[in-house]
Amino acid sequence: MKKYLFAMILSLSTVACLPAYVAVEPGNINYDGLIIKTGQAWNLAPPAATPSARKGSKVWTQDGILLDRIMIIPAVPDGESLFVTTSKDQALPVFKADMLPNEIEELTESSLVKLFKEGEVVVQTSNLRPHRFGEHNGLLFDMNVAVSDGPNYRGITGAVIEDKKLYLIFFLGAEPYYYEKHIDEALVIIKGARV
Amino acid sequence: MRHPLQIGLSLLLFACGAMVAAEFDIEPRIPPGYQPIDADTEKSIWIELDDYERELRNSALLVKDKEINQYVNNAACRVAGDYCNDLRIYIIRNPYFNASMTANGVLQVWTGLLVRVSSEDELAAILGHELAHYTQLHTLERMRSLKNSMSTGAIFDLGLAVLTGVSVPVGQFAAVLNLLAFSRDQEQEADLLGLRFMAEAGYDPSAAVRVWKTVIDEEKNAAVKSLEPGIFSKTHPGADERVKILESLIQKEYTDIRPDPAGQRKHVDMLNRYYMMLMEDQLDTNRYGRTEAILLTHQAIGVDSNMVNYFRGEMYRQRNLDGDLDKARNSYKLATRGDRPVADAYRNLGYIHLKERRLPEAKHYFRKFLEVQPDADDRAMIEFYLQEQQP
């Protein structure tokens, strides 16, 4: 009996320690000046599940972050990177307030290479195009991410610079199913973002 | 009078040379067509390696293009001779300098290696070295030792990943190397036998020395060492010493073999064909010191100068230190010379002028870009700037 009790306590304590996903209800959400409108509920990943996310960044998912994710990176100041790392080897690129659209595209590409682990991923971006986020000119581009031992991902990034800060959102979905499943809603969220 | 240190070094080199000469009668330990014979350990390692190979075959990073595979396959088969049928070659899209061979004949070549060697002879030097690890059962010995000491599959998988470089983050790669590093004797044996394999195949053995010098030079060029770690240099330490030993052996045994210019041309042709893919991956590493060193080599061996200048411009523009934008502008202009301008150089000249708020010049270059590449996938972005009235 004691053995079962111990197992039960251990199981409960394990469950209690697991980081929890929190529901994001449909509606307008303001993350550090970046206003996002979602028409459906999403799951907000706990920080423990996304250790590379910088403070203030959020990761949403429908089916799990390995299958689909929307990453929201608000208000990156000049001189800081899109992600964080404890490794001195990573050489993370940093945002500069005077960056042009092609440089934001390169910054994202290079940062994703580091995020997915260097040498294990090829990130390709394409179709850089202008997009108006409310009253502000911004940009959109498409992405393909091939990883050494995982699915291929496809996605889209939207970004805008306002008051010398970068506001960036990207969606990545595993091809073909999860990309197709969530791309329409992701496009609504990304294209409809406002600062 | 000679300095005592000089005398000591001379004696050391003499001793090394004597040791090399004595040990050069190394013979491959396994015959061509070798199959595992030790039922308990060796066969099980092969089975796991076969599983791993199946995963590798499906890797999204596998380069499947026929011509690049043909080039590497031909060089590997020429070096391997009768062992050719034992090899399966996989080119992996990874911008770092590495190659590896498993005990069951899976030979991996990373694209970062192809970018850094200057000729087919230099490629053959690396392939010969890896083949020697295979014929001397070095990899099998390492894996057997690991399997005996650790029973969990996870650890074995990690060991396999370290041996091959696939699926291991760069940081972890270095951290677990001590666990599995080839011994100094194994490395020297692979150096010497590899040299013999390449020489017997008619390749210039001095290419092995040039490869090591390239590794050493690139390390020196790493702008910030902690931010630009190498991989091959970590897995193959003591490059300076090995250069000396190889040079001594070549002077003794291989004075009559010279580089074949056709081998360099073949390599340069391959680089020209795949340059955009290879160098874009290198640029994504953000390791500008290394990129600069690689571009210098490419310029020296005759890679398409427009492409080399374009990537030099990319490197300067992305590094963006004081004066780099001017250097980038000059490099891009050089990349647009002649009858085969690099279209992207026009576009980036446009962006540089836009950054300097010189809209008419920016528009001039954007128009040139669209003339040369009317179907550009970022046409909408360029047209947006062409319509702008104010910078």
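Just so it is clear, the structure is predicted and the values come from calculations on it, not from any experiment. Throughout, protein chains are lettered first and strands after them, A, B, ... in sequence-line order, and every chain is numbered starting at 1.
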| field | CG (B:D322) with more than 12 external heavy atoms under 6.0 Å | value | no
| task | With a 4.5 angstrom heavy-atom cut-off, could you sort out which part of A:N152 is near chain B: side chain, backbone, both or neither? | result | side chain
| query | Can you find a pair of side-chain heavy atoms, one from B:Y385 and one from A:P101, that are under 4.5 Å apart? | reply | yes
| So which of B:L283, B:D378, B:L61 has the biggest tally of heavy-atom pairs under 4.5 Å with chain A? | B:L61
| task | Grab the two heavy atoms, one from B:A60 and one from A:V147, that are nearest each other, plus how far apart they are. | result | CB-O, 3.4 Å
| Under a 4.5 Å heavy-atom cut-off, does chain B meet the side chain of A:Q124, its backbone, both or neither? | side chain
| note | Checked A:S110, A:A146, A:P130 vs chain B; the most non-hydrogen pairs under 4.5 Å come from A:P130
| Would A:L100 and B:M381 satisfy side-chain contact (heavy atoms from CB on, under 4.5 Å), going step by step from the backbone distance to the final call? | CA-CA 11 Å; A:L100 292 169; B:M381 193 83 239; over 6 Å; no
| task | Quick one: which of B:E55, B:R379, B:Q318, B:R347 has the most heavy-atom pairs under 4.5 Å with chain A, could you say? | result | B:Q318
| query | Going from OG on A:S111 to CG on B:D284, what distance comes out if it is rounded to the nearest 0.5 angstrom? | reply | 9.5 Å
| message | Please classify the contact of B:E383 with chain A as side chain, backbone, both or neither, using a heavy-atom distance under 4.5 Å. | response | neither
| Tell me, side chain or backbone of A:N137 under 4.5 Å from chain B's heavy atoms, or both, or neither? | side chain
| request: Could you tell me whether a side-chain N or O of A:K96 sits under 3.5 Å from a main-chain N or O of B:N320, the two making a donor and an acceptor? | output: no
| Only one of A:D142, A:L128, A:N127, A:T125 forms a side chain to side chain contact (heavy atoms under 4.5 Å, CB included) with B:D377, so which one is it? | A:N127
| said: Could you walk me through whether A:N102 and B:N348 satisfy the side-chain contact (heavy atoms from CB on, under 4.5 Å) test, starting with their C-alpha distance in whole Å, then the side-chain angles of each, then the deciding distance to 0.1 Å, before giving a yes or no? | reply: CA-CA 9 Å; A:N102 62 319; B:N348 291 347; 4.1 Å; yes
| query | With only heavy atoms counted, which part of A:V122 is less than 4.5 Å from chain B, the side chain, the backbone, both or neither? | reply | both
| Within-4.5 Å side-chain heavy-atom neighbours: A:E106 and B:R317 | yes
| Contact class of B:Y351 relative to chain A, heavy atoms under 4.5 angstrom | both
| task | Begin from the C-alpha positions of A:E103 and B:K355 and carry the test side-chain contact (heavy atoms from CB on, under 4.5 Å) through to its verdict. | result | CA-CA 11 Å; A:E103 293 170 311; B:K355 199 151 198 162; 2.7 Å; yes
| said: Give me each pair satisfying salt bridge (charged side-chain N to carboxylate O under 4.0 Å, His left out) with a member in residues 164-177 of chain A, each pair once, sequence neighbours excluded. | reply: A:R154-A:E175
